[in-house]
Amino acid sequence: MTTRVLTGITTTGTPHLGNYAGAIRPAIMASRQPDVDSFYFLADYHALIKCDDPARIQKSRLELAATWLASGLNPEKVTFYRQSDIPEIPELMWLLTCVSAKGLLNRAHAYKASVDKNLEQNEDPDAGITMGLFCYPVLMAADILMFNAHKIPVGRDQVQHVEMARDIAQRFNMLFGQGKELFTLPEAQIEEAVATLPGLDGRKMSKSYDNTIPLFSSEKQLKEAILKIVTDSKQPGEAKDPDNSHLFTIYKAFATPEQTTTFYNELKDGLAWGEAKQQLFTVINNELAEPRELYQELINQPAKIEEILQAGAAKARKLAIPFLQELRESVGLRSFKQQLITTKSEKKKSAKTARFVSFREKDGNFHFRLMAANGEELLLSKGFANPKEIGELTNQLINNPEQIGIIQQGLQLIIYWNNERIANSIEYTTDAELATTVQEIKQALQELAEQE
Ligand code: TRP
């Protein structure tokens, strides 16, 4: 069985080397496995929660799309799209919002952290907090549940959100699934093996610490950043301690095991830090040179990226559109043309079922109607001289439905029994209605058979 893996990338900021080693590269590797069906998307609706600068949003979306493609993501093999190109996602979000407990969302870390900060500063608890931030986990649940993903690779800070998606899915299944699992229950996948890359100063590489190494900027900028990596003051010739050097940790993330061993021994043997930085630059640059060029090419052809993302959106919507339709119907948003309308309480009260109703016309003949459970007339019979005939015939119809001939004539159904025309439907206006009626007739007869 293939596993569906899905993850979103919030489009704020420009990706750096830490994002590449910690998230992008492992995700692309994982997407190449044969038995996975990967969904990667730019979470640009999520970006709006954190950022109200349109230019920055737009720049980041483009840079992130180019980064993933240049790093080797194959849009033919995976489904790569922008969240904002899938209108079914916010629509699903509303269906989920209506079953999400407010108390559950009160507990979401991101929201709680903002409230706590306000309280610390003696502010109103909700000062500066938008509904976007509050509902962030519901939007994320919609991202995940829309595509029935099994595994969600995320950082630790996102595990709670995946669990909320699971809770919300369970609740929705219970309320509307009628025994069927509408939503697959997702599971967070924490990438334990992927170490977070340290930054220039040895803390986790992060924009908020201003200690990042750029990813696809020029070779010169890469070199300059590497020269800024903080080391101890050991002189050339003095033994270094690789196990306590973040420069070595970064090296390890880009080198083969053999290169790593050699580098380790050289440091122990007194390799100068300047030389070590040169070697670090070489291993990183070897890996990045080619994608960097591709990145530059892509970023200069935004229309091409747009095309790739549009194709991705079309692929995603092929799944999203029919699934959302099913979900809409499950909650009771159905076309009036086809559905039996029975509210939950009606069902309990009077469990109406299909029935035959016979009556006598003015001309003295007896007729019968086949009524659906919702009271709709499905068939009207010809006239019979003797009401007993009707009782016998309807019994036959109920017990031998496979012998009934149903023939379409224009937009009307004609019913035959023993080669004799015995009943017909009204005239419908579309073939679809006719097809539905055929189903309803079969259903009604089956209900009647079950009652016997
Ligand atoms: N919230 C995630 C983050 O900031 C991004 C995200 C949005 C996401 N929707 C998702 C991740 C769905 C996994 C699945 O990292």
Side-chain angles (χ1 to χ4, degrees), residues 3-16 18-24 26-28 30-31 36-51 56-57 60-61 63-65 67-68 73 78-93 96-97 100 105 107-114 130 132-169 183-191 194 196 204-208 312-313 316 319-320:
T3 305
R4 187 165 289 173
V5 177
L6 174 144
T7 201
I9 308 118
T10 307
T11 55
T12 44
T14 304
H16 52 66
N19 300 134
Y20 174 80
I24 301 169
I28 291 175
S31 77
V36 298
D37 178 17
S38 311
F39 283 61
Y40 293 116
F41 68 96
L42 304 173
D44 46 3
Y45 278 142
H46 276 101
L48 297 181
I49 296 169
K50 300 181 193 163
C51 173
R56 189 161 147 229
I57 294 277
S60 174
R61 294 157 96 224
E63 287 178 347
L64 269 155
T67 299
W68 280 76
L73 188 74
V78 311
T79 306
F80 183 50
Y81 55 97
R82 274 180 304 219
Q83 186 185 31
S84 64
D85 285 333
I86 317 289
E88 290 72 27
I89 290 174
E91 189 171 344
L92 174 57
M93 182 191 171
L96 299 179
T97 302
S100 299
L105 297 178
R107 291 195 290 276
H109 296 320
Y111 167 72
K112 242 176 61 181
S114 301
T130 64
L133 177 66
F134 187 68
C135 296
Y136 178 115
V138 191
L139 178 56
M140 191 158 153
D143 292 332
I144 295 171
L145 303 179
M146 184 85 261
F147 298 104
N148 283 313
H150 305 100
K151 299 266 181 229
I152 317 298
V154 284
R156 286 206 171 278
D157 60 322
Q158 297 294 320
V159 172
Q160 188 201 27
H161 294 148
V162 179
E163 279 163 5
M164 288 183 168
R166 200 183 161 85
D167 279 357
I168 296 169
F183 291 128
T184 302
L185 302 184
E187 254 175 68
Q189 199 174 36
I190 312 161
E191 304 291 337
V194 180
T196 46
K204 175 186 173 201
M205 191 181 291
S206 159
K207 215 180 62 186
S208 36
L319 299 169

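Atoms within each ligand, like the ligands themselves, are counted from 1 in listed order. Everything quoted here is computed from the prediction, not taken from an experiment.
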| Which of the atoms in ligand 1, numbered in the order shown and given with their element, are less than 4.0 Å from a heavy-atom of V154? | 13 (C)
| query | With a cut-off of 4.0 Å, which atoms of ligand 1 are near a heavy atom of A43? | reply | 7 (C)
| task | Could you tell me if the ring centre of Y136 sits under 6.0 Å from that of Y45? | result | no
| Between I144 and R166, is any pair of side-chain heavy atoms under 4.5 Å apart? | no
| task | Ignoring hydrogens and angles, tell me if any N or O in the side chain of T3 forms a donor-acceptor pair with the backbone of V36 under 3.5 Å. | result | no
| said: Using a 4.0 Å heavy-atom cut-off, which part of L139 comes near ligand 1: side chain, backbone, both, or neither? | reply: neither
| Atoms of ligand 1 close to I152 [distance to a heavy atom under 4.0 angstrom, numbered from 1] | 13 (C), 14 (C)
| note | Atoms of ligand 1 under 4.0 Å from any heavy atom of I144, numbered from 1 in the order shown, are 12 (C), 14 (C)
| Between D143 and ligand 1, does any nitrogen or oxygen pair lie at a separation below 3.5 Å? | yes
| message | If you apply the rule ring-ring contact (aromatic ring centres under 6.0 Å, His included), what do you find for F41 with F147, and how did you get there? | response | CA-CA 12 Å; F41 68 96; F147 298 104; 8.0 Å; no
| request: Quick one: look up the protein heavy atom nearest atom 2 (C) of ligand 1 and list residue, atom name and how far away it is. | output: Q158 OE1, 3.4 Å
| request: Would you mind checking which non-hydrogen protein atom is closest to atom 1 (N) of ligand 1, with the distance to 0.1 Å? | output: Y136 OH, 2.5 Å
| query | How does F41 reach ligand 1, by side chain, by backbone, by both or by neither, if only non-hydrogen atoms under 4.0 Å count? | reply | side chain
| query | Just checking, any donor-acceptor pair under 3.5 angstrom between side chains of T10 and T12? | reply | no
| Does a side chain donor of either S84 or D44 reach within less than 3.5 Å of an acceptor in the other side chain? | yes
| query | Do the side chains of S38 and T79 get nearer than 4.5 Å, heavy atoms only? | reply | no
| Would E187 and H150 count as having a side-chain donor-acceptor pair, cut-off 3.5 Å? | no
| note | The closest protein heavy-atom partner of atom 11 (C) of ligand 1 is G8 N, 3.4 Å
| remark: Quick note on ligand 1: atoms under 4.0 Å from a heavy atom of T10 include exactly 2 (C), 3 (C), 4 (O), 5 (C)
| Where ligand 1 meets T7 - atom numbers and elements under 4.0 angstrom, heavy-atom basis | 11 (C), 13 (C)
